[in-house]
Undergrad: 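Once you've had a glance at the structure underneath, I'll fire off some questions.
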Amino acid sequence: MSMTKPFSVAIDGPSGAGKSTISKLLAKELGFIYVDTGALYRAIGYEVLNRGGKPNDSDFVEGILPEINLELKYIEDMQCVLINGEDVTGLIRTPEVSMAASSVSAIPAVRRFLFDLQRETAQKSDVIMDGRDIGTVVLPGADIKIFLTASVQDRAGRRYEELKLKGISTTYSDVLDDMTKRDYNDSNRAAAPLKAAENSIMVDTTGNTLEQSVEIIKGIIQKARNN
Ligand code: DC
């Protein structure tokens, strides 16, 4: 049996740049697995809140990690995250969990805890994996590394529309504030901060429609696969 190394595409960038929507669409088209690594940090943030802890209390967060069994499952192409057997996929998209995820993601023990799961998933299948440190830390040998970004106003506008569609009540200015805070936390933490990998391709989606951004990324992937 030939054991060709799976193909991996790393997509990093700040929240709301379109990483997950674009990655999901392209993974489906290419027959790759889409791995949303933010969901793992969100699951930890959710669990901390659920247990009454503070997401920036590193002793508390570290203390509960040994009690957490995290699994990724794929049901009809959709990624599900399970904590100790419970599917929390539908519970981790609230603004509270977003902030909690950003806080717990600054704790090195949390990053170590999630590293193997991410790495092993990319060893098993062709993946498009999105996050903040995929090209820099998790898959430094990825076949393609993309850094996807857009202005904070654009990103907040898109996220606001998404939340509204889901019936989550919030305002544009709250979303913009949260996003600015998360950008700052994610880019300035000591552990694996958000930054473009050295050999990544920078794509700015400001002002683009989703279709335009998808075409750009698709072109980059096709070009690399044909080489
Ligand atoms: O992509 P997202 O918004 O679902 O991610 C939630 C938080 O998790 C984000 O604020 C930063 C953190 N995160 C990270 O530190 N590293 C990753 N690879 C993915 C997410």
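Basis for what follows: all heavy atoms, side chains included, without hydrogens, waters or symmetry-related copies. Both ligands and their constituent atoms are indexed starting at 1 by order of listing.
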Undergrad: I'd like to know if D77 and K24 make a salt bridge, using a cut-off of under 4.0 Å between side-chain N and carboxylate O.
TA: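 Answer for the salt bridge query: no.
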Undergrad: Distance under 4.0 Å, heavy atoms only, partner ligand 1: which residues pass?
TA: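 Under the 4.0 Å cut-off, ligand 1 touches S15, T37, G38, Y41, R42, R93, A101, S102, S105, R111, G131, R132, D133, I134, R182, D186, R189.
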Undergrad: Between D204 and R155, does at least one N-O distance fall below 4.0 Å, as a salt bridge requires?
TA: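 The answer is no: the pair does not qualify as a salt bridge.
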Undergrad: Might you work through the side-chain hydrogen bond (donor to acceptor under 3.5 Å, both in side chains) test for Y34 and D130, ending with a clear yes or no?
TA: CA-CA 8 Å; Y34 164 54; D130 86 14; 2.8 Å; yes
Undergrad: Under 4.0 Å between a Lys/Arg side-chain N and an Asp/Glu carboxylate O for K181 and D177?
TA: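 A salt bridge is absent here (no side-chain N lies under 4.0 Å from a carboxylate O).
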Undergrad: Using a strict 4.0 Å threshold on nitrogen-to-oxygen distance, state whether E162 and K166 make a salt bridge.
TA: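 Result for this pair is no, no salt bridge flagged.
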Undergrad: State whether E198 and K145 are salt-bridged, where the test is any N-O pair (Lys NZ or Arg NE/NH1/NH2 against Asp/Glu carboxylate O) under 4.0 Å.
TA: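 Salt bridge flag = no for K145 with E198.
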